[in-house]
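Only heavy atoms go into these numbers, but all of them, side chains included; no hydrogens, no water, no symmetry mates. Worth saying up front: this structure is predicted, and the values here are computed from it rather than measured. Reminder, nothing fancy here: chain letters follow the sequence lines and each chain counts from 1.
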Amino acid sequence: MSLELKNVGRTFADKQAVRDVSFTAKQGEIIGLLGTSGCGKSTILRAISGLDSEYDGEIAVNGKVTRDIQEEVGFIFQEPRLFPWLTVLDNVTFGLKGSKSEKEKLGKAYLENVGLNDSAHLFPKQLSGGMAQRVAIARALVTSPEILLLDEPFSALDAFTKMQLQDLLLNIWKTYQSTIVIVTHDIDEATYLCDRIIILRGQPGKIDKEIGISEPRPRARGSMLLADIKTEILESLGLNRTEVLVK
Amino acid sequence: MSLELKNVGRTFADKQAVRDVSFTAKQGEIIGLLGTSGCGKSTILRAISGLDSEYDGEIAVNGKVTRDIQEEVGFIFQEPRLFPWLTVLDNVTFGLKGSKSEKEKLGKAYLENVGLNDSAHLFPKQLSGGMAQRVAIARALVTSPEILLLDEPFSALDAFTKMQLQDLLLNIWKTYQSTIVIVTHDIDEATYLCDRIIILRGQPGKIDKEIGISEPRPRARGSMLLADIKTEILESLGLNRTEVLVK
Amino acid sequence: MEKLESEVSSVLTKDYASKRKQQIKRSKNVENIVLGSIISIILLFVWEILSRLEVFPSYMLPAPSVVLGTIIGLGQDGSLWGHIGITTYRVLAGFVLGTAVAVVLGSFVGFYQKAEQLFDPMIQAFRSIPSLAWVPLFILWMGIGEPSKITMIGVGVFFPVYLNMVSGIFGVDRKLIEVGKINKLNSFQLVTRIILPASLPSFLTGLRSGLGLGWMFVVAAELMGASQGLGYLLVLGQNTLSPETILASIILFAVIGKLTDWILKIVEARALHWQDRLVKS
Amino acid sequence: MEKLESEVSSVLTKDYASKRKQQIKRSKNVENIVLGSIISIILLFVWEILSRLEVFPSYMLPAPSVVLGTIIGLGQDGSLWGHIGITTYRVLAGFVLGTAVAVVLGSFVGFYQKAEQLFDPMIQAFRSIPSLAWVPLFILWMGIGEPSKITMIGVGVFFPVYLNMVSGIFGVDRKLIEVGKINKLNSFQLVTRIILPASLPSFLTGLRSGLGLGWMFVVAAELMGASQGLGYLLVLGQNTLSPETILASIILFAVIGKLTDWILKIVEARALHWQDRLVKS
Amino acid sequence: SSNASTEGTPEKIRMDYAYYSPTSLVLKEKGWLEEEFEEEGIEIEWVLSQGSNKALEFLNSNSVDFGSSAGAAALISKANGAPIKNVYIYSKPEWTALVTMPDSDISSVKDLSGKKVAATIGTDPYIFLLRALSAEGIPAADVEIINMQHGDGANALTKGSVDAWAGLDPNMARVELESDASLFYRNVDFNTYGFLNVREDFAADYPEYVNRVIAAYEKAREWTIENPEEAAGILAKEASISMEVAQLTMERNDFSEAIPEMIHHDALIEAGKVLQAGEVIEANVDLEEITSELIEPSFAEETIGD
Ligand SMILES: Nc1ncnc2c1ncn2[C@@H]1O[C@H](COP(=O)(O)OP(=O)(O)OP(=O)(O)O)[C@@H](O)[C@H]1O
Ligand SMILES: Nc1ncnc2c1ncn2[C@@H]1O[C@H](COP(=O)(O)OP(=O)(O)OP(=O)(O)O)[C@@H](O)[C@H]1O
Ligand SMILES: [Mg+2]
Ligand SMILES: [Mg+2]
């Protein structure tokens with residue numbers, strides 16, 4: 001499914017959070033959103049998902065302009081948002097339909113994928129921060145959505161787990177040809193995953209730069225091209241003059 | 001204030017989360033805790049703080065063995081944990097004593113430090129994820145605690161903000177000679193901030209490796225020594241064989 | 001010059017915008033009131049019509065107009081304000097009393113395991129004793145004066161406030177309490193600065209429930225030798241077999257009870273504006 | 001061999017540990033019951049002594065032993081079980097009825113703005129009408145049979161359940177509801193799968209409040225031509241000036257009310273085990 | 001109505017019984033009504049009235065066909081338009097009197113001025129109090145009348161919260177026996193009799209059955225007169241009161257007159273005047289007229305004859 005944003009903006013009670021955001025994502029494209037804290041990344045994802053319909057501008061899904069919640073959208077929120085009264089497994093299977101045993105089988109498979117097969121019976125209050133985040137990831141991925149909106153999905157994870165899950169995400173993307181918009185603060189992650197990186201800046205946030213990455217997948221995490229792009233991004237964020245930062 | 005952990009372990013309802021953790025932190029030392037998700041990092045911090053007293057082993061603060069909540073401990077939790085009924089400013093000044101105007105002055109200064117001077121009057125529901133995390137950081141730092149326990153304080157922040165706040169932390173450390181234990185997944189962050197990095201591994205987690213960093217501060221983020229240490233850490237996490245990870 | 005103009009115009013727009021907001025707010029209020037009264041008005045109409053058609057016998061259920069006449073009659077001979085005034089006073093006094101005791105006891109029980117084990121079982125047992133059953137006991141203990149009536153109403157208010165308070169406290173997120181502990185709050189500060197605000201939604205529901213029960217207990221309270229008040233009016237109506245009087249008192253109970261509840265509802269909305277609620281469809 | 005032994009011993013220890021856990025649990029239960037009864041027992045003792053010393057006149061407040069005698073007497077002539085049985089049946093039936101209506105209406109009002117605007121104001125107004133005031137209306141509408149009594153009790157149960165339900169729904173975190181919306185739940189599913197469980201703490205408090213009110217409304221219900229039941233017993237005691245009977249009925253109300261509440265409390269503890277509560281000091 | 005009839009036969013007859021009407025208890029206990037109507041397959045349903053006002057509510061709402069109340073209560077209800085007829089007098093009770101505690105300085109009605117007296121407005125004791133005051137020439141305004149339910153009034157009296165109480169049996173008998181309270185003013189004629197009322201509908205549809213119910217009541221009345229001891233036993237058992245209280249209560253009931261007559265008529269008019277003065281009955285009500293409408297002696301006259 002394709003996505004098209006035209007001049008999207010959002011104002012909360014007199015305060016503009018983000019303005020004039022336009023971009024298109026083709027079916028199967030992975031788009032990265034980067035930007036300083038509070039510049040409106042989550043706001044944009046919420047607008048795309050339809051959870052927030054009070055934005056300005058237009059969003060078209062598969063060419064159709066709409067403000068409703070889309071079928072086949074998966075959303076990994078910035079917080080885990082688990083249901084405290086459900087076990088880990090029930091949280092994962094929450095959005096699934098079908099017979100109980102089928103759901104459980106699928107749920108368990110995804111729990112295995114995120115490395116939580118031992119924790120299926122736990123309640124959210126018994127999880128560590130990263131575990132909770134992984135449950136949320138499994139819950140969103142298990143429905144194999146055609147559009148995936150990810151809001152800093154891996155930020156609470158250690159480097160090792162993070163890489164595993166990035167690859168899990170790419171696997172799913174390959175299988176279902178999902179269109180993905182991912183918000184991240186990790187530039188390595190962005191360069192490893194995305195076809196295009198959109199950098200937002202300012203308050204209210206607006207698009208500052210768009211960087212395309214044409215390197216085919218699977219990408220090597222240490223590749224020179226990605227390193228170059230990282231430098232470009234860091235520069236555009238004003239971050240390569242390291243000395244300045246050291247007081 | 002110095003810290004000493006002796007054979008600290010913790011078991012939750014028959015399941016051991018972490019075991020046999022021993023280390024010492026001298027006054028003014030900055031210790032980094034690294035480890036895979038769910039290996040017990042937060043559990044250790046909670047034990048040190050005294051919020052959890054059901055651990056095995058002993059923890060001594062300034063040479064005195066105790067299981068109570070310590071005076072002069074600051075804790076930045078893994079989640080923001082803001083009080084939803086208080087404004088940003090009131091959240092920041094929550095732990096302060098003294099006259100209202102003094103508290104507000106101090107609170108505003110720290111809000112400025114974390115880049116939120118415009119948002120003092122907002123309620124938590126109006127904040128972005130990173131903003132909430134920054135409020136939590138300001139709330140913990142404003143009390144200028146002698147022991148600072150930080151649980152992934154900067155993980156929800158973009159690279160730029162993150163660096164600023166790391167430097168803010170070092171400033172405070174310099175002023176108050178705080179003893180700091182910081183949990184992080186960001187290896188660059190660990191090498192930039194810490195005197196010693198403790199790597200936990202396994203489930204139940206136990207100490208796998210300790211790495212000292214003797215480079216004096218201020219450190220350069222791009223320095224060769226730090227890059228070497230990073231490689232060492234990545235290796236000890238089994239992460240330098242990048243090819244393996246690319247399926 | 002141009003800039004100035006644009007500034008002026010922007011000020012104007014802002015002014016206009018805030019005015020429009022006020023207008024919208026006001027018209028929303030009006031809409032609320034209209035919508036809220038529709039059903040009551042329809043019911044009254046149906047009742048009036050059925051009464052006129054003598055489907056309801058007037059010696060049991062007189063028409064609303066007749067009841068209204070009774071209320072107006074009470075108003076004209078001046079006794080209406082006496083009835084309303086004294087009952088409202090008693091309910092409010094009892095409300096304050098019952099709430100105060102419930103807050104103190106509720107905080108204790110919610111916070112200390114031992115206090116819960118000691119007090120809660122007995123309080124829960126008392127909770128199901130009907131108001132009428134208290135009457136002889138109160139006459140014995142406190143006689144038939146105002147204190148006795150107010151305390152009786154306080155008893156009614158106490159239980160829901162206490163129950164909601166305790167369960168609200170139980171439901172407070174451990175995570176927030178820990179923040180307080182790290183900031184070295186003592187127990188009292190924990191209660192006032194974290195537990196109370198965090199359990200405020202439940203507590204306010206308790207207050208509203210309690211106020212409702214206060215109005216209900218008025219009748220039992222005014223069985224203890226009152227010569228004025230809505231409960232007195234109700235019992236008088238029952239003793240003198242006067243359905244108009246009974247219905248008049250019921251309607252007065254409903255209207256004044258609603259008004260007091262409405263005040264609490266406004267307080268609730270103000271006090272809970274920080275809640276991250278869904279905007280309803 | 002060594003390994004085997006250690007395994008056996010570990011199995012044994014485990015067995016022992018789980019047994020000890022059970023023991024601890026049981027002894028904690030016993031402790032709870034003992035602690036919970038202390039205050040009641042002390043009160044009874046003081047009352048008994050004061051009665052024997054004739055501080056309380058026996059024609060107004062007979063000693064607990066006398067009241068107990070009355071209850072035993074009722075038990076021996078067999079009527080006790082009739083009173084308890086019929087009243088419990090009425091309360092439970094009314095409880096089910098009132099709760100069912102409250103859940104349906106509460107979900108609507110909590111979920112749809114329009115439903116709130118239409119229904120809530122009137123419901124809030126009815127909430128402050130005392131139980132006694134309903135009596136003549138119920139007699140008129142439904143006569144004096146069981147349905148009328150049960151409905152009357154249902155009315156009492158309805159209000160707190162409704163109120164807690166609505167406020168519980170209002171308090172549900174928007175964040176969780178959004179998860180449901182993203183998963184394309186329809187309104188009904190949103191209510192059953194997210195809103196109800198999330199507002200469960202408040203709802204259960206409402207149930208407990210409602211059950212308490214059910215017991216209170218029994219008296220009014222049993223004014224409608226009952227010749228059996230605890231409410232009947234109470235009114236009979238008042239009409240025949242028999243303090244033993246009044247107190248016997250009060251104590252029965254307290255004990256049986258407490259028992260039913262205790263069941264709800266257990267349900268509550270089970271249903272809310274997922275709450276991240278602070279372990280109390 | 002639930003009495004949908006075939007050939008003028010009710011499906012069932014709904015009777016009330018009340019602890020203030022011993023005759024009704026006897027009748028229920030003996031099962032004479034059931035016996036009488038068994039052959040026709042007419043069911044008898046018994047409903048307990050806890051007080052006159054409840055009995056009248058039941059009558060008005062078509063929940064019972066026959067209801068027992070004090071005469072004054074029936075009058076008030078009639079004045080409010082209730083469709084009832086009084087067809088039988090179940091007793092001439094002396095169920096109310098003025099009561100005070102033994103250590104009080106009140107010994108006659110005259111001592112009441114400036115005192116607190118508990119009474120339930122609209123009921124017989126209240127009427128009794130007002131008539132007693134006016135008979136002794138004391139203005140009602142000189143006495144502070146505290147409105148309380150009968151039982152509460154008794155409690156308030158023993159507790160000392162009020163100085164006197166316009167009492168009602170069996171509460172009155174109990175305080176008399178157990179707290180040594182004294183009845184300092186008694187007057188049988190200021191009581192308004194025990195009325196058995198029937199719904200007008202029922203009387204119009206099934207006059208024959210009204211007669212037969214009255215006949216059964218007569219049987220119970222005669223039995224009560226002949227067996228005072230056993231009747232008291234029935235009362236004691238049903239109302240869960242002690243035998244002494246029951247006996248004292250029975251002693252104060254005179255079961256000799258059963259047909260509504262002029263004397264009842266006059267008693268009601270007197271009571272009605274007091275109630276009108278107390279604004280319980282509206283001033284524009286014609287007492288003569290409603291009293292005549294209420295009291296319908298023809299059934300009893302026909303059945304009992306003399
Ligand atoms: N209250 C609890 N009850 C039961 N188990 C718990 C509880 N808290 C933590 N655990 C378990 O303890 C283990 C360690 O948790 P901890 O929160 O310390 O992990 P962590 O190292 O901080 O991980 P992360 O990086 O994901 O935050 C986990 O396996 C978790 O399931
Ligand atoms: N419900 C709301 N009411 C008012 N303001 C809001 C609300 N939600 C977001 N904002 C404001 O909108 C701006 C953008 O918020 P958003 O959550 O989109 O930031 P973000 O880019 O996701 O930041 P982060 O990286 O910190 O998560 C912020 O300034 C925030 O204060
Ligand atoms: Mg965000
Ligand atoms: Mg953690």
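- Put simply, the side chain of C/K258 reaches to within 4.5 Å of the side chain of D/P121, judged on heavy atoms.
- With a 4.5 angstrom heavy-atom cutoff, D/L211 does not touch chain C via any of its atoms.
- Here the closest heavy-atom approach between residue D/S40 and residue C/M122 is recorded as OG-CG, 3.6 Å.
- Among residue pairs with one or both ends in residues 244-254 of chain C, those qualifying as side-chain hydrogen bond (donor to acceptor under 3.5 Å, both in side chains) are C/S242-C/T245; sequence neighbours excluded.
- Minimum heavy-atom separation, D/S209 to C/L163: N-CD2, 3.5 Å.
- Looking at C/L213, only its side chain comes within 4.5 Å of chain D, counting heavy atoms on both sides.
- Within the model, atoms CG of C/L223 and CD of D/Q238 stand 8.5 Å from one another, a figure rounded to the nearest 0.5 Å.
- Ranked by non-hydrogen atom pairs under 4.5 Å with chain C, the options D/F126, D/W215, D/F159 are led by D/W215.
- Both the backbone and the side chain of C/L140 come within less than 4.5 Å of a heavy atom in chain D.
- Considering only heavy-atom pairs separated by less than 4.5 Å from chain D, the leading option among C/G257, C/G36, C/G231, C/G212 is C/G36.
- Under the 4.5 Å side-chain criterion, counting only non-hydrogen atoms from C-beta, C/V166 is not in contact with D/T205.
- Contact annotation for C/L137: only side-chain heavy atoms (C-beta onward) come within less than 4.5 Å of a heavy atom of chain D.
- Side chains of C/R208 and D/R127 form a contact here, defined as non-hydrogen atoms less than 4.5 Å apart.
- Minimum heavy-atom separation, D/Q275 to C/F170: OE1-O, 4.0 Å.
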